[in-house]
Amino acid sequence: MSGSFYFVIVGHHDNPVFEMEFLPAGKVESKDDHRHLNQFIAHAALDLVDENMWLSNNMYLKTVDKFNEWFVSAFVTAGHMRFIMLHDVRQEDGIKNFFSDVYDLYIKNWEYNSSVKHVTFQSQILQ
Amino acid sequence: MSVPDYMQCAEDHQTLLVVVQPVGIVSEENFFRIYKRISSVSQINVRDSQRVLYIRYRHHYPPENNEWGDFQTHRKVVGLITVTDCFSAKDWPQTFEKFHVQKEIYGSTLYDSRLFVFGLQGEIAEQPRTDVAFYPNYDDCESVEKRIEDFIESLFIVLESKRLDRATDKSGDKIPLLCVPFEKKDFVGLDTDSRHYKKRCQGRMRKHVGDLCLQAGMLQDSLVHYHMSVELLRSVNDFLWLGAALEGLCSASVIYHYPGGTGGKTGARRLQGSSLPTDAGNRHRPGAQEVLIDPGALTTNGINADTSTEIGRAKNCLSPEDIIDKYKEAISYYSKYKNAGVIELEACVKAVRVLAIQKRSMEASEFLQNAVYINLRQLSEEEKIQRYSILSELYELIGFHRKSAFFKRVAAMQCVAPSIAEPGWRACYKLLLETLPGYSLSLDPKDFNKGTHRGWAAVQMRLLHELVYASRRMGNPALSVRHLSFLLQTMLDFLSDQEKKDVTQSLESYTSKCPGTMELLSLPDGLNLPPVPFTKLPIVRRVKLLNLPASLRPQKMKSLLGQNMSTKSPFIYSPIIAHNRGEERSKKIDFQWVQGDVCEVQLMVYNPMPFELRVENMGLLTSGVEFESLPAALSLPAESGLYPVTLVGVPRSTGQITINGYHTTVFGVFSDCLLDSLPGIKTNGSTVEVIPALPRLQISTSLPRSARTLQPASGDEISTNVSVQLYNGETQQLDIKLENIGTEPLEKLEVTSKILTTKEKLYGDFLSWKLEETLSQFPLQPGKTATFTVNIKVKLDFSCQENLLQDLNDDGISISGLPLSSPFRQVVKPRVESKPVNPPESSKAGDFSHVKTLEAILNFKYSGGPGHVDGYYRNLSLGIHVEAEPSVFFTRVSTLPATSTRQCHLLLDVFNSTEHELTISAKNNEELILHAGECQRDF
């Protein structure tokens, strides 16, 4: 992966239940401010996700929003959990595959709308 | 053109732009008073026709925008009204000169202008002039509105003449090429005779006529002209103007479809004002009417008069869907020109407003997304703020609250960008506050008690931190404290341990200068910040009102209770009443507190913080009764378990007292926590009756206190116990000192005793007293003491003890029913040292078996003061524990034959187990012997 990514699963009350950042190899730690910006962008994109999900039959909604260098792609599960991915490079297929992989994991070991600190989940996603 | 007007909407295309400006020194207040009155004349029904003119007033308009007036005529300043102060005729020429200078600025486009002069009186003011109006002062100018109406009519005449002039241009005449400022140099040296050029001229002119028609209230004609123009311009690829023609078409269609307007508030006002004309318009559109009146204007241009028919109208007017398509197309053409950025941006804004009405938010958001990335030029910070604010407003309009909040926050951040010399913290704060709903945040902590947390906690916390910071920079520490308290209270679950520490530290540093209060903070713009009680610091799990200790518990006299019952209801029993009482019980507690006596409430609390929590000034909040709360300070260890805290206070009057909650001071923030608003709290009720004050009795005795507590039979508790050891038959005097330690006089005293169930047979009075002597000292004033003497007399049956019988068995004679002897005590002396004397005498292991225990309770029922009047009394119990030992032992029993065979002598070896001399006396020696003999015979 070359660009930066920020992935979040958002619950029914706009509450994040799982957050994760992927940074390119060179970049070490993202600044705290940067993390907040990601969250704000992802939050703002929820409006578009919520509109888009009714216009598509697919769970994968492609890129729904953008802000400055960030693209926002989304994926909505049947239970209306929203997967949001912020990315600074266009990489549709990769993100689509990632979403469906995460969805598989999600179905297997997720509790309803709960925020679970899944260390295993996290490691599984990374693989 | 560089300054976009973000407030534009499609309807603005039909308006005439009038600039109202002050000249010279006019106070802002006066100017805006007049401006308000002028701008109230925003639409005029032109005489003799059904057409309506709409006027758009501006008090500021950049002249470079005016240069685009040929492109879209609503951008052209056609009227100028100047307002000036002039107090002497001497100044008049100068003032008039200024008016002319002002006119020059917009000179090329003005149709007409007016000057309003305030203050000038006399000769000059009396000359009747059309272009100048004189008023003595700002209060005395009733005719302003009338003047404006006349002015607008004169504008209309010019507009109408221009329209007719342009519209009737014969196609053979040379049509001038209209162009926008940046095009001028491009057309130098172009072949003006080519077909292409002519078409271009025609198309642009046609579009221009369309604009004029729209402004003149001839909607139908304008549609026709726009359509024509679109065709012409499309054929010559004149994209910029094609875009304008398309937009004109859209505007006209929007005006037709949405008479209510798309511009939000202004639209609504317009709707009110224009309700009559639009109603009329539904039957025959003003434009259509005009076409019928003056068809020649069209036919001369080769357009069929048919367009005015209903069919034509439906064809010419765009459908709601088409409007959006055409807007898209227009915007795509605009976007080809860098210099038309403002036009593009404004078109986006207009399209969004239309889409908002059509409730097509997805498409609207596409337009907005596009608008975000239109690069005008290097924007000033202020323009950036304006731009983000308007984006936010538009997103709000289409229902994208989160998106709206996002841009509003960006605008807020822009207000305090490092590049700004004087950061606008106040503006930043105001904008941030407006973002809160979009982030599911309210400023009322009560909203967070309801179930699950809503919204993105990390984002909300960030926002609250920003509010805290902004309010601090604004110089309003009370706001900072309030927001920080709110953060701590509502986001506690989401704060990490480190964050908890950081937040509390900064809160403490703020409160050291400005303590947090429970008052509603009002912001200048009318918003109120409700107080934030720290109901989670500490968390209270259970609230329990405690009864008074047994000895202080008030009791109701039986007879009076009966009376009370009978006054409540005529029935002895009624299910309704019983039911009501049951309901009351859910809140009311069945014990009473007494006025003037300390009462207690126990809270089970715990500290959710990872460090020690200091709670100061913790006390009760009550209502109904005057209550003196005695606050406590406590320190709870880090993440403590449930920890009991007792809050105390003294009711100072009588009635129903309700414990509403408690108050605390934590980290310098005062909190009033009401029980009703605490989630998941357990309580045994919160209302208690406070009865009038009663005296308090304290007793002390001459005997040592006993560690043993009696097990009372019927639930009443013993406050004091005394114990005493007595030999059988001994009498001990117990001196009881009664002290009134309360504040009310002790008026009544009743003493009763109760001997606890014992198997022993008791002879005579165990306890006896004479109350009269004590009562003679009554009423006992507070602080006074009285004495009360009780005689304890032990008279027990010690016979039938096994070791005695064993002795008797030696002779084969069994004896029982030995009456106890009655020892007389010569010396009264504490028995303590005598105790170890007797055990060695008895050989058997069960030497304690001849110690018998007697227990009794002495009840003092007392009352006095106002409590007595209300029929209450208190009960104090004294437990008496007596260990009785036999004073004599019959160590040996034997019989001797007597002289008569029917009699025998009973020989008793008597051992005195006491240290004292004692006399054994049978009542009648002879009789005793005789009886004894009879006994023996019986057995």
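All of these numbers come straight from a predicted model, not from anything done at the bench. Below, chains carry the letters A, B, ... as their sequence lines are ordered, and counting in each starts from 1.
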Enquirer: Given that the side chain runs from C-beta out, which part of A:Asp50 has a heavy atom under 4.5 Å from chain B: side chain, backbone, both or neither?
Expert: side chain
Enquirer: List the steps and the verdict of side chain to side chain contact (heavy atoms under 4.5 Å, CB included) for B:Val459 and A:Phe40.
Expert: CA-CA 7 Å; B:Val459 167; A:Phe40 274 107; 3.3 Å; yes
Enquirer: Do B:Arg454 and A:Asp14 make a side-chain contact, defined as non-hydrogen atoms from C-beta onward lying under 4.5 Å apart?
Expert: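 No. Closest side-chain heavy atoms not under 4.5 Å.
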Enquirer: So does A:Lys96 have more than 12 non-hydrogen atoms from other groups sitting under 6.0 Å from NZ?
Expert: no
Enquirer: With rounding to the nearest 0.5 Å, note down the distance linking CG in A:Asp65 to CZ in B:Phe406.
Expert: 8.5 Å
Enquirer: More than 12 heavy atoms of other residues, nucleotides or ligands under 6.0 Å from CD of A:Glu69: yes or no?
Expert: yes
Enquirer: Show the numbers, then the answer: is there a side chain to side chain contact (heavy atoms under 4.5 Å, CB included) between A:Val8 and B:Trp456?
Expert: CA-CA 11 Å; A:Val8 61; B:Trp456 197 310; 3.7 Å; yes
Enquirer: Looking at every heavy atom in both A:Pro16 and B:Gly455, which two are closest together, and how far apart are they?
Expert: CD-O, 4.4 Å
Enquirer: Does the pair A:Lys66 and B:Tyr373 meet the rule for a side chain to side chain contact (heavy atoms under 4.5 Å, CB included), with working shown?
Expert: CA-CA 10 Å; A:Lys66 65 186 169 93; B:Tyr373 293 101; 3.8 Å; yes
Enquirer: Start with the C-alpha gap between A:Glu51 and B:Ser361, add the side-chain angles, then the distance that decides, and say whether side chain to side chain contact (heavy atoms under 4.5 Å, CB included) holds.
Expert: CA-CA 8 Å; A:Glu51 285 292 328; B:Ser361 34; 3.6 Å; yes
Enquirer: Is it true that atom CZ of B:Arg426 has more than 12 heavy atoms of other residues, nucleotides or ligands lying nearer than 6.0 Å?
Expert: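 No, CZ of B:Arg426 has 12 or fewer neighbouring heavy atoms, counting only those of other groups under 6.0 Å.
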Enquirer: When rounded to the nearest 0.5 angstrom, what distance separates CD in B:Gln369 from CG in A:Leu48?
Expert: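 B:Gln369 atom CD to A:Leu48 atom CG measures 7.5 Å (nearest 0.5 Å).
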Enquirer: Determine yes or no for a side-chain-to-main-chain donor-acceptor pair under 3.5 angstrom, with B:Tyr439 supplying the side chain and A:His43 the backbone.
Expert: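 A pair under 3.5 Å: no.
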Enquirer: Less than 4.0 angstrom from a charged side-chain N to a carboxylate O is my criterion; do A:Asp47 and B:Lys403 meet it?
Expert: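 B:Lys403 and A:Asp47: not salt-bridged.
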Enquirer: Can you name the nearest heavy-atom pair linking A:His36 to B:Ala458, along with the distance?
Expert: CE1-O, 4.0 Å
Enquirer: Answer with side chain, backbone, both or neither: which region of A:Ile41 has an atom nearer than 4.5 Å to a non-hydrogen atom of chain B?
Expert: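 Both backbone and side chain.
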